Amino acid sequence: MPLRTRRLGAASLALAALAGFTVSLLSAQPAAAADPLRTLAAAKGKFIGTAVATSPLANETAYRTIAAQEFNQVTAENAMKWDSTEPNDNQYTFSGADQIVAFAQANNQIVHGHTLVWHQQTPGWVQSLSASAMKTAMLDHIATVVGHYANNPAVQSWDVVNEVFDENGGFRTSFWYNTLGSGFIADAFRAARAADPDAKLCINDYNVEGINAKSTAMYNLVSSLKSQGVPIDCVGFQSHLATQYGFPGQLTENVARFAALGVQVRFTELDVRIVLPADTTEINTQNQYYTNIINACLASTACPGVTIWGFTDKYSWVPDTFPSEGQALIYDANYNAKADYTAIATALGAGTGGGDTTAPSAPTNLTASGTTSSGTTLSWTASTDNTAVTGYDILRAPGASGGTFAVVGTSTSTSYADSGLAASSTYRYQVRARDAAGNVSAVSSTVSVTTLSGGGGPGGCSAVGTTQTQWPGGYVIQPVTVTNTGSAQITSWTVTFTLPAGHTITGSWNAVLTVSGQTVTAKNANYNGTLGAGASTSFGFQVARPTSDTALPSGYACAAP
Ligand code: G2I
């Protein structure tokens with residue numbers, strides 16, 4: 001784990017934005033909303049971001065001021081792409097990327113890295129490599145670029161692969177795919193995780209916002225990567241929308257199906273272009289599309305936030321690509337906020353919160369107890385708030401590291417019983433508090449829980465062996481804790497485990513041991529077979545082993561017939 005402050009969750013941005021950022025007055029500041037977008041979004045536990053370009057960031061005060069004032073997340077529009085960061089083999093330049101990250105840090109903004117492996121803006125020297133050299137170049141690029149920011153707490157996520165599908169749901173026949181096959185995708189994610197174990201790793205694409213052949217291909221890929229244990233944490237819906245094509249169908253259902261896979265869903269490159277000249281109907285449609293995307297993010301706990309692909313029509317990719325279209329962003333070319341700005345502010349709750357934008361304090365002292373093979377009970381110390389805490393969200397992530405925290409339940413007290421867990425599995429929990437205005441606290445510290453083995457049911461039990469002492473010629477295992485993990489009393493139990501070759505049991509207590517080959521079977525003694533639901537007992541044994549051997553028994557399993 002790299003040495004650094006643990007990254008802020010989206011929810012903690014509420015506190016960061018309120019505590020650390022002073023709004024400076026701008027002549028172009030919109031009159032419609034008193035609070036900047038970032039304050040409104042943070043009060044909802046979300047980020048609102050923008051893509052930024054290095055040149056106006058360096059040269060235009062109005063650009064810089066709006067970027068800092070209105071957004072709590074930034075993405076480099078071009079500066080982190082391959083042609084900017086590694087134009088020649090093994091010659092890395094981070095000047096533009098570092099400029100953006102420094103700006104973000106100065107303004108309490110989080111950074112999304114864009115993008116590591118893409119078929120565009122990748123230098124020719126990469127595209128012509130042989131398969132083995134291309135794979136080496138890709139892994140080296142990911143390790144170096146992600147590694148450059150791995151200890152920077154602002155840089156929290158990456159687009160690892162970008163736009164790998166064609167419109168029919170096949171893999172795009174890019175030079176990556178043509179040379180390496182689809183395996184480059186899993187390789188890229190593994191390399192990114194190795195370079196920064198804490199970063200959220202995303203796959204990003206356009207025309208995947210609604211349910212269609214392309215988004216279904218994306219869904220199937222994410223599902224398959226997850227089942228293979230490939231580290232993938234998020235899906236980016238770019239959301240380059242256009243009023244003439246309608247709003248994507250079944251967007252809410254699409255968000256939900258990805259969320260059910262246990263990945264975040266981010267809106268990463270939102271803009272809504274119009275065929276020029278724009279009329280009132282088109283502008284109203286555009287306002288509605290912006291509103292719809294914000295609402296879709298607010299409605300899903302899997303969505304940490306929305307990034308707009310720039311903010312001013314002065315700098316938008318749209319006219320370069322679609323010469324007869326434009327006006328896609330939320331400020332005009334003179335930095336005046338457009339009606340789209342107000343639509344977003346309104347969707348984020350401007351003017352509805354009764355003025356309360358103070359989030360509760362984070363819950364403290366989170367602990368887990370009474371863990372069985374299928375459940376655990378959490379308790380914590382209450383949060384405080386300027387009005388009142390109305391409830392707590394319970395978040396859970398699978399495994400001891402990685403994965404995504406998702407809300408699994410709510411509580412109005414300071415405890416929560418979680419159930420339906422898998423046996424012998426590790427989960428991590430966090431809790432956050434809410435108030436009546438919808439303000440969300442930072443998350444509590446994380447507690448890790450490993451469920452017992454033995455599979456629940458009336459007759460379940462688990463066994464955990466502890467090495468009490470060992471020496472060159474032997475060891476003592478004490479206690480082997482036997483727990484009734486079921487819901488009813490048991491009257492006998494049998495523990496089995498594997499003894500390394502050449503080891504001999506020299507003594508045992510509180511159980512009756514028999515040895516067959518390398519398998520040891522320990523049955524309860526006549527006085528400790530009866531255990532109520534959740535109750536434990538223990539036994540122990542001593543073993544002689546060759547003096548050169550440091551092996552220990554393994555594979556403890558318990559049965560309670
Ligand atoms: O095409 C829109 C976006 C689609 N998804 C991935 C994004 O990375 C992509 O962004 C755009 C940037 O907004 C443009 O600014 O990607 C383009 C490249 O494909 C960017 O355009 C490039 C121009 O093609 C270059 O000629 C120019 O030198 O921007 C460069 C820097 O201004």
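Counting convention: from 1, in listed order, for ligands and their atoms alike. If you're wondering where the values come from, they're calculated on a predicted model, not measured in any experiment.
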Side-chain donor-acceptor pairs under 3.5 Å in residues 298-309, sequence neighbours left out?
residue, atom, partner, partner atom, Å
S300, OG, A302, N, 3.1
T307, OG1, Q73, OE1, 2.8

Original post:
N/O to N/O below 3.5 Å, does that happen between K81 and ligand 1?
Top reply: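 Yes, there is a polar N/O contact under 3.5 Å.
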Number the atoms of ligand 1 from 1 as they appear, then name those within less than 4.0 Å of a heavy atom of [X], with their elements.
| X | result |
| --- | --- |
| E77 | 12 (C), 13 (O), 14 (C), 15 (O) |
| E163 | 4 (C), 5 (N), 6 (C) |
| Q120 | 18 (C), 19 (O) |
| N162 | 6 (C) |
| H114 | 6 (C), 7 (C), 8 (O) |

**OP:** Tell me, please: is W118 in heavy-atom contact with ligand 1, that is, under 4.0 Å?
**Re:**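 Heavy atoms of W118 do come under 4.0 Å of ligand 1.
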Original post:
Mind checking whether F71 and F311 have parallel, tilted or perpendicular rings, split at 30° and 60°?
Top reply: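 Plane angle between 30° and 60°, so tilted.
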With a 4.0 Å cut-off on N to O distance, would you call [X] and [Y] a salt bridge?
| X | Y | value |
| --- | --- | --- |
| E70 | R38 | no |
| D233 | K226 | no |
| D313 | K338 | yes |
| K214 | D166 | no |

